[in-house]
Structure formats: C-alpha cells, structure tokens
Amino acid sequence: MLDSKLIKSNPELVAEKLKQRGLSTAFDEFLNMDTVRRRLLVEVEERKSFRNRTSQEIGKMKKAGQEPIELMTKVKEVGHEIKEMDEQLISLEQKMGDMLLTLPNLPHDSVPVGESEADNVEMRRWGTIPEFNFEPLPHWDIGTGLDILDFDRAAKLSGARFTVYKGAGARLERALVNFMLDLHVDKHGYQEIFPPFMVNSECMLGTGQLPKFGGDMFKIEGRDMYMVPTAEVPLTNLFREEILSAANLPFYFTAYTACFRAEAGSHGRDTRGIIRQHQFNKVEMVKITCQEESLNELEKLTNDAEEVLQLLGLPYRVVSLCTGDLGFSAAKTYDLEVWLPFFSEYREISSCSNCSDFQARRANIRYRPENQGKLQYCHTLNGSGVAIGRTVAAILENYQQADGSVLIPSVLVPYMGGMTQIEK
RNA sequence: GGAGAGAUGGCUGAGUGGUCGAAGGCGCUCGACUGGAAAUCGAGUAGGCGGGUAGCCCCUGUCUCGAGGGUUCAAAUCCCUCUCUCUCCGCCA
C-alpha cells in the first residue's frame, strides 16, 4: 500500500512513478474525497468533544441528585448526528482505502524505465551454455523417456498442468528441496520455517495478492482460506500486526512449500512440461529489514539464489526488471533466468524483490528504531531460492546425454543416495 | 462436533457503567549514585487520524481494551453475532 500522505503531499510524483509502470492514475477524486473527509472529521469530532464533556457533566449532576433532562435530550440528538456523520466518514474512508489497495508499489529510482519484458536490463551472465553433439530433447520427453515424469496419469488424477514424479524423479525433487534449504540455512544464515500451506485472506491482503488477484489462487470453498501461491505469503505475514525491535532486524527466513496457482495456463503458455503447473514446489527466502538496508539486502538475497544455480552448474543470467514488468508489490526485482537447451533461451527460475514498505504497510509490520524514535514500517524482501520444478527441467535438459540418460550434478549426489546418473 | 474459560499497552497483569488510554510489575530511555559496572533510587515511556503550525518541536481534539453491531446522556465494563486461544469430552493422521 502506498503512503496516503505521500499522495496528498506530492500526487504528481506518485502519478509519474505509476506511469512508469504503465498505469495512468489521476488522484483528483482521491484528493477531493480526502478534503471532504477532513472537513467531516473536524465537524464530527467537535460533536464528539461536546458529547464527552456534557456526558461527564451529566454524571456529576446526577451524583448531585439532579436529573438534567434537557441536557440528556440534547446529547442524544447530537449522538444521532454523530452516527450519521460517522457512517459517511466510514464510507469515504472505505472508498479511499479500496483505491489505495489496488495501486501497485512505486518503482525504485534505480529500476530501469521501460514498458515490457523486452526492456529489462541484463546485469550479468554465469556459466557456459552446454553444446550437444545431438539434438537436445525437451525435458518432458527426457522425463517420460526415463519414466520419472508421468503427465498422463497426473491428468487422470487432477487434470492438466499437474505432474506425477516417479522414482528418481521424485527423489530428485526431494533432493533439491533439501539441498537448497541446507544451503540457505547452513551457509547463508536463514532460519528454516515450515509454514501452513493454507492461509487466510488477511495474509493475502498483506502481501498484495488480494484484493486484485484473487482469481489467481485456489480458494477453499466455504472458508476464508487460500492455498499458498508462494511461501512469501506465510513468511512475510509472520510478523503481521507486530512491532519489532530494531536490534532484532534483519530477519532471514527460508521455507519449502508447495505452491498453488490457479492462473497457470490461462494464457496458453508452456502447455507442455513442468514449467507452468497448478502445483509446484519452491524454496523461498524472505527478509524483514529496516528501511536503510533493504537495497543492500536485495543484492545479497539475489546472490544467495544465484549460488544455488552455480552449485548446480546451471548457466543463468540476472535481469533487472524494468518499471513496466515489475510485480504488484515490488519496488525493485531481479529475475534469475536459467538456460534451457531445448528452448534455446533463458527462462525465469527465481524472482528476487524488494517490496520496500509496501507490504509492511498493508500488513502493519513496524519496528522501533535504535534511537527510540517514531515507529517505522519495515521493508520486506522475497526471492525464490529457487523454484524446484523448473530446476528439475533445467537439470534434465542441461545434463542430458545422447543415450537419453541424465547426469546428476555432483552437489546433489549425496542427496540422491549416491546416484550419479538417471538411466532408463 | 459437545461443554466450559478467556482475549486489555513492547511484554505481564488489574480494572464489572462516568473521575480509565487504562493501576502495579517487567522491559526500554534519561538522570542520580560508582573509578567503572551490578544493585538501588528518581523521571519518562502506546498507536492511528485530524486541527493549530513553516515544521510528527510543541499545543490540542478524537478514535482504539480480539472484530462487528446494539443498549445508554455516558461502555474496557451491559446485550447480540463472529473470530481466535486454552481446558475437558468425542473423533482422528
């Protein structure tokens, strides 16, 4: 959520920043509502002040044995006025609040200005793109050939965009989860969390999925519950409605969860394979920081995600998303894109974002600064560390052999029970 | 699912109609004491939204005691609904 005071004091700046995201917003209506709201607030507070003072007088008079009927009637009348005005105020504030909740975060000044994916800026590349002396297969053909991925039976169980992992495939999925968690916990200093996979709508509002993107999620029928679309939601909401001590910042959390996305496939992209699924696994990293540190922390978080790919020997590049391609809650985002030989292109495997105070404001996560000053909103960051399914796809395609087998990256061998190669 | 108890400030915990944004304690901040520290003593210490103002330096109004409604001149306190927590019973991986 944007700071309404910033909108009031500098609507042009906010509109300009939103325009960079491709959003034309006029704040005239908002500012008008606020003017009306403030006028109404002053009037109703005058009446409340009168009611408070007079009620106390009535109390004293009653104790003195009097029965001030006229005063009581007067206060009662004012009470009715207050109620009417309060209702108007609430409806105004509701409208203003609804508008604020639908506005995305402002891009940070360091974010490249652009309209679409095409304007994203490549920051760096890592690794050597593998060369094959045969025609590389797509991961779905490799997976079905090795009988470690079963799309047909998954369709029987659940429908399109689900996958059954079998044998070494299932093991590989589990190995990756453990490898990534161990790396982030043991080397990068994150605390491991195992959160619920279902959360309430307050959480979804806090991280920005609601109110705009409810259709992207699986909702539990008849309950105020959603399947988590990413562990970012439960992790970031851990401290919702809390006041943290600056001395305890920053918090580093990492968690494995399954992720559930209803929107996957709605645009007909990636209809084959395991790139875009209704359910996939992910290890996520979340940081809660003070305001001054979030930019640095984003660089470190991105490096932590990169190290996963480096250790797995998967070529990738880092892209700074341009203003037009930023997600709803993000002020700045680096995407990690892994090389997929069959596609012959880099595809997103991690997205690392600094959400500045945007989510903290929605979720009311604050901290008291060291100098005991005024409470501040925390900054929240999140990044995939990394998406498991896409990592499996990348391993299958990058490590495929001419005979249809797939080599296991050495760092995963212990997690695979010593297996070095997946063969038919 | 059935029965009961509860939800108050950063934490703990009093408060059953007005003098309560709220005792006491802990924690924290500042000061005294000390060579320094501990202990002790003293003072301060919620947040939101407005108004005054150049200004969150101050002054001031209002709201907030799980959430929402109601009763009343007046609600943390009484009534209703909901949410959550705990205990017992049932069921269960």
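Just the heavy atoms: all of them, side chains too, but no hydrogens, waters or symmetry mates, feed the values below. Each chain gets a letter, A, B and so on, in the order the sequences are listed, and its residues count up from 1.
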Are any side-chain N or O atoms of [X] and backbone N or O atoms of [Y], one a donor and one an acceptor, separated by less than 3.5 Å?
{"X": "His379(A)", "Y": "Ile288(A)", "result": "no"}
{"X": "Asn281(A)", "Y": "Ile388(A)", "result": "no"}
{"X": "Thr391(A)", "Y": "Ala387(A)", "result": "yes"}

Grab the [atom1]-[atom2] distance between [X] and [N] for me, whole Å please.
{"X": "Ile365(A)", "N": "rG48(B)", "atom1": "CD1", "atom2": "C1'", "result": "17 Å"}
{"X": "Lys48(A)", "N": "rG48(B)", "atom1": "NZ", "atom2": "C1'", "result": "13 Å"}
{"X": "Arg368(A)", "N": "rA46(B)", "atom1": "CZ", "atom2": "P", "result": "9 Å"}
{"X": "Asp86(A)", "N": "rG61(B)", "atom1": "CG", "atom2": "P", "result": "19 Å"}
{"X": "Leu244(A)", "N": "rC28(B)", "atom1": "CG", "atom2": "P", "result": "17 Å"}
{"X": "Glu45(A)", "N": "rG61(B)", "atom1": "CD", "atom2": "C1'", "result": "6 Å"}
{"X": "Asp224(A)", "N": "rG68(B)", "atom1": "CG", "atom2": "P", "result": "16 Å"}
{"X": "Ile243(A)", "N": "rA46(B)", "atom1": "CD1", "atom2": "C1'", "result": "7 Å"}

Please collect all side chain to side chain donor-acceptor pair (under 3.5 Å) contacts where either partner lies in residues 14-32 of chain A, sequence neighbours excluded, each pair once.
Lys17(A)-Asp109(A)

Can you confirm whether Leu235(A) sits close enough to Asn382(A) that some side-chain heavy atom of one is under 4.5 Å from a side-chain heavy atom of the other?
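Contact flag for Leu235(A)/Asn382(A) side chains = no.
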
Hey, are the side chains of Ile275(A) and Arg390(A) touching, using non-hydrogen atoms and a 4.5 Å cut-off?
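Of all side-chain heavy-atom pairs linking Arg390(A) with Ile275(A), at least one is under 4.5 Å.
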
Provide the distance between the two [atom1] atoms, one in [N] and one in [M], to the nearest whole Å.
{"N": "rG42(B)", "M": "rC86(B)", "atom1": "P", "answer": "40 Å"}
{"N": "rG4(B)", "M": "rA93(B)", "atom1": "P", "answer": "29 Å"}
{"N": "rG21(B)", "M": "rA74(B)", "atom1": "P", "answer": "16 Å"}
{"N": "rU34(B)", "M": "rG15(B)", "atom1": "C1'", "answer": "41 Å"}
{"N": "rA46(B)", "M": "rG27(B)", "atom1": "C1'", "answer": "14 Å"}
{"N": "rU87(B)", "M": "rC80(B)", "atom1": "C1'", "answer": "26 Å"}
{"N": "rG25(B)", "M": "rA37(B)", "atom1": "C1'", "answer": "25 Å"}
{"N": "rG24(B)", "M": "rC89(B)", "atom1": "C1'", "answer": "39 Å"}

Detail all sub-3.5 Å separations between protein N/O atoms and N/O atoms belonging to nucleotides 51-60 of chain B.
unit_1  : atom_1 : unit_2   : atom_2 : d
rG51(B) : OP1    : Arg38(A) : NE     : 2.9

Contacts of Phe253(A) that satisfy ring-ring contact (aromatic ring centres under 6.0 Å, His included) - sequence neighbours left out
Phe239(A), Phe251(A)

Restricting to ring-ring contact (aromatic ring centres under 6.0 Å, His included), what partner residues turn up for Tyr252(A), sequence neighbours left out?
Tyr190(A)

Dot-bracket encoding per residue of RNA chain B, Watson-Crick/G-U cut-off under 3.5 Å, | denoting interstrand:
((((((((.[[[..)..(.....]]]((((((.......))))))(((((((.....))))))).[[[[[..)....]]]]])))))))....

Between Asp147(A) and Lys166(A), does any NZ, NE, NH1 or NH2 come within less than 4.0 Å of an OD or OE carboxylate oxygen?
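Salt bridge between Lys166(A) and Asp147(A), a charged N being under 4.0 Å from a carboxylate O: yes.
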
Write down the protein N/O and nucleotide N/O pairs, taken from nucleotides 69-76 of chain B, whose separation is under 3.5 Å; answer none if there are no such pairs.
unit_1  : atom_1 : unit_2   : atom_2 : d
rG70(B) : OP1    : Lys83(A) : NZ     : 2.7
rC73(B) : OP2    : Lys76(A) : NZ     : 3.2
rC73(B) : O2'    : Ser55(A) : OG     : 3.1
rC73(B) : N4     : Lys62(A) : NZ     : 3.3
rA74(B) : O4'    : Ser55(A) : OG     : 3.2

Taking for each residue the nucleotide of RNA chain B bearing the nearest heavy atom, is the 5' side occupied by Ser4(A) or by Lys60(A)?
Lys60(A)

Aromatic plane relationship, Phe162(A) with His278(A) - under 30° parallel, 30 to 60° tilted, over 60° perpendicular
tilted

For the residue pair Phe30(A) and Phe27(A), categorise the inter-ring angle as parallel (less than 30°), tilted (30 to 60°) or perpendicular (more than 60°).
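If you compare the ring of Phe30(A) with that of Phe27(A), the planes turn out perpendicular.
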
Using a cut-off of strictly less than 4.0 Å, decide whether Arg366(A) has a side-chain nitrogen or oxygen near OP1 or OP2 of rG10(B).
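For Arg366(A), the contact criterion (side-chain N or O under 4.0 Å from OP1 or OP2 of rG10(B)) is not met.
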
Ignoring backbone atoms, test whether Asn52(A) places a side-chain nitrogen or oxygen under 4.0 Å from the OP1 or OP2 oxygen of rC63(B).
yes

Assess whether atom CD of Gln94(A) is packed by more than 12 heavy atoms of other residues, nucleotides or ligands within 6.0 Å.
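No, CD of Gln94(A) has 12 or fewer neighbouring heavy atoms, counting only those of other groups under 6.0 Å.
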
With heavy atoms under 4.0 Å as the rule, sort Leu375(A) into base, sugar-phosphate or nothing.
sugar-phosphate

Describe the nucleic acid contact of Lys63(A) in one word from base, sugar-phosphate, nothing, applying a heavy-atom distance below 4.0 Å.
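Base: the residue Lys63(A), judged by heavy atoms under 4.0 Å, touches a nucleobase.
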
In Å, rounded to the nearest 0.5 Å, how long is the span from CG of Asp325(A) to OG of Ser320(A)?
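Those atoms lie 10.5 Å apart.
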
